[in-house]
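Data block below; observations after.
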Amino acid sequence: MISYLTELNKLSESINKAIKEYGIATSAIYVGEPTETSFGDITTNAAFVLSKTLRKSPYEVAKDLIEKIEFSEEDIAVELHSSGFINFRLTDLFYLKFLNQIIKNQGYGKITVPEKKKIIIEHTSVNPNKALHVGHARNVVLGDTFYRLFKRLGHQVTVLNYIDDTGVQVADLIVGFKYLGYPLESDEKYDHYCGDVVYVNANKAIEESEALKKKRGEVLKDLEQGGEIYRYARPIIEKIVKEQLKSAWNIGARYDLLNWESHFVHGGYWKKMFEVLKEKGLIKFVTEGKHKNCWVLLDKKVLVRSDGTAVYTAKDLTYAAWKLGLIPDEFYYSVFTKQPDGSELYSTSLDGGLKGLYKPADEAYILIDQRQLPLQNLIKDALKALSASKDYKVIAYGLVALSKNTAEKIVKGKVEKEIVHMSGRSGIYYNLDDLMEAIKQVALKLINERNPTLPEKEEVASKIAVAAIRYSLMRPDLDKQIVFDINDALKLEGDTGPYIQYTYARASKILEKSNNEVSLLNQIKLSEEEKRLLLQMSKYDYYLFKAYSSTSVTALANYVHELAFAFNVFYEKKRVLDEKDSELKKMRIALVYAYKQIILDAMNVLGLPELKEL
RNA sequence: GGGCCCGUAGCUCAGCCAGGAUAGAGCGUCGGCCUUCGGAGCCGGAGGCCGCGGGUUCGAAUCCCGCCGGGCCCGCCA
């Protein structure tokens, strides 16, 4: 394998080896990208770190150290900077080998972690009583992107979606249908109808009526017990889930398994969990104080009330433990539906189907918004105490709120606050399907202006919308709150998903016109733009691993944008097809070919749909 | 009362984890590139006490402490 990362690792090793000759225990030696590209491709601050103990200037140390570092001069050139940084540059020969490798492999090649793991990732998990809004979309996009990343790195990944079909939100909806007379059918998309009309109004009515509150309590109890009302509700819920899935599929997501909360409840999983917790001494029965007669987890959180019923966190904990195989799996599994990517989506079941379909995971990831972090960390601590070898990983992200502007459009009136939080209950949210449609219309308009003869405009516009939505939701750092503004969301220029798709289309067009005549190179002569593009291309694996080890796709998305930018600069400055020098032309075709392979690979990881033309 | 996150250009954000070389993008703005392998592009200009104060250090946007501003969480609820 020839890549930036492999060269970086080799250098890092040999720098550390060279430092050992000084007999100094090293810590925090940086070997990596320099702050500015003009300094080189790889840099190290080793001389600064050593200068303290050696009592010499960084430059003096670097001058000496540089002689001790071993590397292949074929691939790397070294430079000593007057500041004391040692900078390395990849050579033309390195790039020649790198290009040929891609041409031979017809792609970047295998990028595999040293240790393949069984990973479970849970995302989406939206209450099945309404449509997905842009806040849920952040969860779906991040979850699906991590799934794609793990998969790309060679892990065995299972994607779960948890359906809370026994909660209050569903109970509200059922009250609306059963006692408030809302019709069971509608011409509207069903999840929109249920969320926008039935749930919002039912909730309002329930809050205002003690009698309805009592009814809701009965519904809730029946859902838990799997009685008559549960059987009435089940088909309604399934219909909503199917619509929610469509919205998620539309932006490129897929799942392996639906976990129904009712199956955990009716299957008695909490009782099993309770026994495990008791046996390991993680929960204690409290005999006095404010938690008298309750069972408390890790001296922090009540899990069983004084009346003997379990709190919601108990269900969360049970589910988490099940993922890691800490309680036995007694479910049956059956096919719920077929997905657009051709795969089958399974569902848990209590009566009939396959058994033991899913093996416990080594690592279980869950995507949550920041508000749930304290609770999920508690679960993480509890699981750690149950089994040290298993890893429960929480990926928390900032909330998606609405800008004042956008909120005013939804409530159709004045809004005081600069930022408005979405709320399914009060009907303040921007639905994902609506966003898709709005961006699609903008894209369609652009296509009609710029490329009116393009075939399958609708489909192309959809793919542009997917790229725009996914990129904008994965690009900000996880910690950052996103203030969603519809006017900003409709912009398709600059640092966006479509920008990246566009460079792929440009590369595809050139290759198509060259009749795809790509062949291995014997020599190489590179301009600044070409070298810069190749450098970016060689860094692909470096950023994939970085995204995995830091559990963040921000830097990866950023990198892909820079890669696309490097291609655009090359494209502006150098001609490919009308280049007179045949060797140069051959080299540039190879370069474009390699770019296309890598950007496509990257787009697959980020879930940006491929477009040969737009 | 206790805790978490954010604060970098007019706006939206990278960079902070592993301190180091002139703090970078996008949008907007002003100007340039249609003799176009497709302009959803490229090039340039203007625009920064990196929230404030202190500390550590030869060196701080980055680490530590305090404050200010914004968002959020903390029930035997779900």
Side-chain angles (χ1 to χ4, degrees), chain A residues 27-32 34-36 38-39 43 45 47-49 51-52 57-58 81-85 87 127 164 166-169 171 220 286 290-296 301-307 309-313 315 369-375 377 396-399 401 418-419 421 443 446-447 449-451 464 468 472 475-483 485 488 491-503 505-507 509-514 550 552 554-555 557-558 561-562 565 567-579 588-589 592 613-614:
Chain A
S27 64
I29 299 285
Y30 178 80
V31 183
T35 47
E36 202 171 311
S38 65
F39 295 130
T43 193
N45 67 347
F48 287 88
V49 178
S51 73
K52 264 181 204 164
S57 77
H81 191 268
S82 57
S83 62
F85 280 98
N87 296 322
N127 275 312
D164 179 3
T166 65
V168 201
Q169 295 212 15
L220 209 46
V286 179
K290 64 172 179 175
H291 292 155
K292 194 179 173 186
N293 295 332
C294 297
W295 287 88
V296 177
K301 171 81 188 152
V302 170
L303 279 195
V304 181
R305 301 179 192 106
S306 51
D307 68 1
T309 56
V311 302
Y312 192 81
T313 305
K315 293 179 191 170
D369 74 51
Q370 270 171 358
R371 290 176 303 188
Q372 304 168 57
L373 196 55
L375 209 58
N377 278 336
Y397 54 85
L399 283 177
E418 288 302 314
I419 294 169
H421 283 285
L446 283 175
I447 292 167
E449 279 165 25
R450 296 171 193 187
N451 193 1
I464 290 169
S472 68
R475 173 63 223 278
D477 191 78
L478 289 172
D479 284 334
K480 230 116 187 179
Q481 167 178 269
I482 292 181
V483 179
D485 187 277
D488 291 343
K491 286 177 184 157
L492 305 178
E493 287 169 8
D495 190 6
T496 63
Y499 176 95
I500 293 158
Q501 288 176 309
Y502 187 66
T503 63
R506 278 181 152 179
K509 254 305 163 27
I510 293 175
L511 289 170
E512 200 185 297
K513 290 191 178 172
S514 76
S550 64
S552 165
T554 300
N558 224 341
H561 180 262
E562 268 172 40
F565 174 64
F567 180 79
N568 266 338
V569 172
F570 159 75
Y571 181 92
E572 294 286 336
K573 296 276 161 66
K574 301 290 173 199
R575 313 289 293 174
V576 178
L577 298 176
D578 35 8
E579 172 58 49
R588 286 186 186 149
I589 289 175
V592 173
E613 225 183 326
L614 67 149

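From a predicted model like this one, the values you see are computed outputs, not experimental measurements. To find a chain, count down the sequence lines: A is the first, B the second, and so on, and within it residues start at 1.
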Base-contact (B) and sugar-phosphate-only (S) positions in nucleotides 42-49 of chain B, heavy-atom cut-off under 4.0 Å, - elsewhere: SS------
Does Thr503(A) reach the side chain of Tyr571(A), with side-chain heavy atoms less than 4.5 Å apart? no
Check every strand shown and say whether Lys491(A) touches a base, only sugar-phosphate, or nothing at a heavy-atom separation below 4.0 Å. sugar-phosphate
Is there a side-chain contact between Arg450(A) and the phosphate of rA40(B), meaning an N or O under 4.0 Å from OP1 or OP2? yes
Does Gln372(A) reach a base, just sugar-phosphate, or nothing at all? Heavy atoms under 4.0 Å. nothing
Scanning all shown strands, the Watson-Crick or wobble mate of rA21(B) with both distances under 3.5 Å is none
At what distance, to the nearest 0.5 angstrom, does CD1 of Ile510(A) lie from CD1 of Ile589(A)? 9.0 Å
Rounded to whole angstroms, how far apart are CZ on Phe567(A) and C1' on rG41(B)? 11 Å
Distance check, P atoms only: rG53(B) and rC68(B), in whole angstrom units. 15 Å
Not counting sequence neighbours, which residues clear side-chain contact (heavy atoms from CB on, under 4.5 Å) with Val483(A)? List them please. Ser403(A), Ile419(A), Gln481(A)
Considering only side-chain heavy atoms of Gln370(A), which listed nucleotide, rA14(B), rG38(B), rC5(B), is closest? rC5(B)
Same-atom distance (P) from rU57(B) to rA14(B), integer angstrom: 32 Å
According to the Watson-Crick and G-U wobble definitions, with both distances under 3.5 Å, which nucleotide is paired to rA14(B)? none
For rG7(B), does OP1 or OP2 lie under 4.0 Å from any side-chain N or O of Lys480(A)? yes
Assert: residue with more 5' nearest nucleotide on RNA chain B, out of Ala443(A) and Asp164(A), is Ala443(A)
Using a heavy-atom cut-off of under 4.0 Å over every strand shown, decide if Val311(A) touches base, sugar-phosphate, or nothing. sugar-phosphate
Partner of rC72(B) by Watson-Crick or G-U wobble geometry, both contacts under 3.5 Å, or none? rG3(B)
Considering every strand and a 4.0 Å limit on heavy-atom distances, what is the contact class for Asp488(A): base, sugar-phosphate, or nothing? nothing
Leu220(A) near the nucleic acid: base, sugar-phosphate alone, or nothing, with a heavy-atom cut-off under 4.0 Å? nothing
Find the distance Asp479(A):CG to rC13(B):P and express it as a whole number of Å. 13 Å
Heavy atoms only, 4.0 Å cut-off, all strands: where does Arg475(A) land among base, sugar-phosphate and nothing? sugar-phosphate
Which value, in whole Å, describes the distance between the P atoms of nucleotides rA25(B) and rG48(B)? 16 Å
Take the protein atom CG of Asp485(A) and the nucleotide atom P of rC13(B), then report the distance between them rounded to whole Å. 11 Å
Roughly how many Å is it from CG in Asn451(A) to P in rG41(B), rounded to a whole number? 15 Å
When both distances are under 3.5 Å in a Watson-Crick or G-U wobble arrangement, the nucleotide paired with rA9(B) is none
Nucleotides 17-22 of chain B: which of its N/O atoms have a protein N/O under 3.5 Å away?
from    : atom 1 : to       : atom 2 : distance (Å)
rA21(B) : N7     : Thr35(A) : OG1    : 3.3
rA21(B) : N6     : Thr43(A) : OG1    : 3.1
rA21(B) : N1     : Asn87(A) : OD1    : 3.3
rA21(B) : N1     : Asn87(A) : ND2    : 3.3

What distance, rounded to whole Å, do you find between the two P atoms, one in rG55(B) and one in rA60(B)? 12 Å
Determine whether Glu572(A) and Val569(A) make a side-chain contact, defined as any pair of heavy atoms from C-beta on separated by less than 4.5 Å. no
Nearest-Å distance once atom P is located in both rG41(B) and rG26(B): 10 Å
Should Trp295(A) and Val302(A) be marked as a side chain to side chain contact (heavy atoms under 4.5 Å, CB included) after you check the CA-CA gap, both sets of side-chain angles, and the distance that decides it? CA-CA 6 Å; Trp295(A) 287 88; Val302(A) 170; over 6 Å; no
How many whole angstroms separate atom NZ of Lys301(A) from atom P of rC73(B)? 15 Å
Say you pick atom C1' in rC76(B) and the same atom in rG51(B); how far apart are they, in whole Å? 42 Å
Would you say Leu478(A) and Thr554(A) make side-chain contact, with heavy atoms under 4.5 Å? no
Would you mind pulling out the nucleotide paired to rA46(B), Watson-Crick or G-U wobble, both distances under 3.5 Å? none
Just to be sure I understand the rule, does Asp307(A) reach a base, reach only the sugar-phosphate, or reach nothing, if contact means heavy atoms closer than 4.0 Å? nothing
For nucleotides rG47(B) and rC63(B), find the distance between their P atoms and express it as a whole number of Å. 29 Å
Is there a side-chain contact between Val311(A) and Leu303(A), using heavy atoms and a 4.5 Å cut-off? yes
Do Lys491(A) and Thr496(A) come within less than 4.5 Å of each other through their side chains, counting heavy atoms only? no
Starting at CD1 of Ile510(A) and ending at P of rG41(B), how long is that distance when rounded to a whole Å? 16 Å
Tell me if a side-chain donor or acceptor on Asn451(A) pairs with a main-chain N or O of Leu614(A) at a distance below 3.5 Å. yes
Presence of His421(A) side-chain N/O under 4.0 Å of rC72(B) phosphate oxygens OP1/OP2: yes
Looking at CD of Glu512(A) and OG of Ser514(A), how far apart are the two atoms once the value is rounded to the nearest 0.5 Å? 9.0 Å
Using the C1' atom as the point on both nucleotides, what is the distance between rG20(B) and rC67(B), in whole Å? 29 Å
Students often get this wrong, so: under 4.0 angstrom with heavy atoms, is Lys292(A) touching a base, only sugar-phosphate, or nothing? base
Atom-pair distance (CD on Gln481(A); P on rC72(B)), nearest Å: 7 Å
May I ask you to say what Ile500(A) touches in the nucleic acid, namely base, sugar-phosphate or nothing, with a heavy-atom cut-off under 4.0 Å? nothing
On the ring face of Phe567(A), is Arg506(A) found with NZ or CZ under 6.0 Å from the centre and within 45° of the axis? no
Interatomic spacing from OG in Ser57(A) to CZ in Phe48(A) - rounded to 0.5 Å: 9.5 Å
Heavy atoms under 4.0 Å, any strand shown: does Leu614(A) hit a base, just sugar-phosphate, or nothing? base
Tyr30(A) and Val49(A), any side-chain heavy atoms less than 4.5 Å apart: no
Tell me the interatomic distance from Ile419(A), atom CD1, to rC6(B), atom P, rounded to whole angstroms. 15 Å
Side chain of Ser306(A) only, please: which of rA40(B), rC76(B), rA14(B) is the nearest? rC76(B)
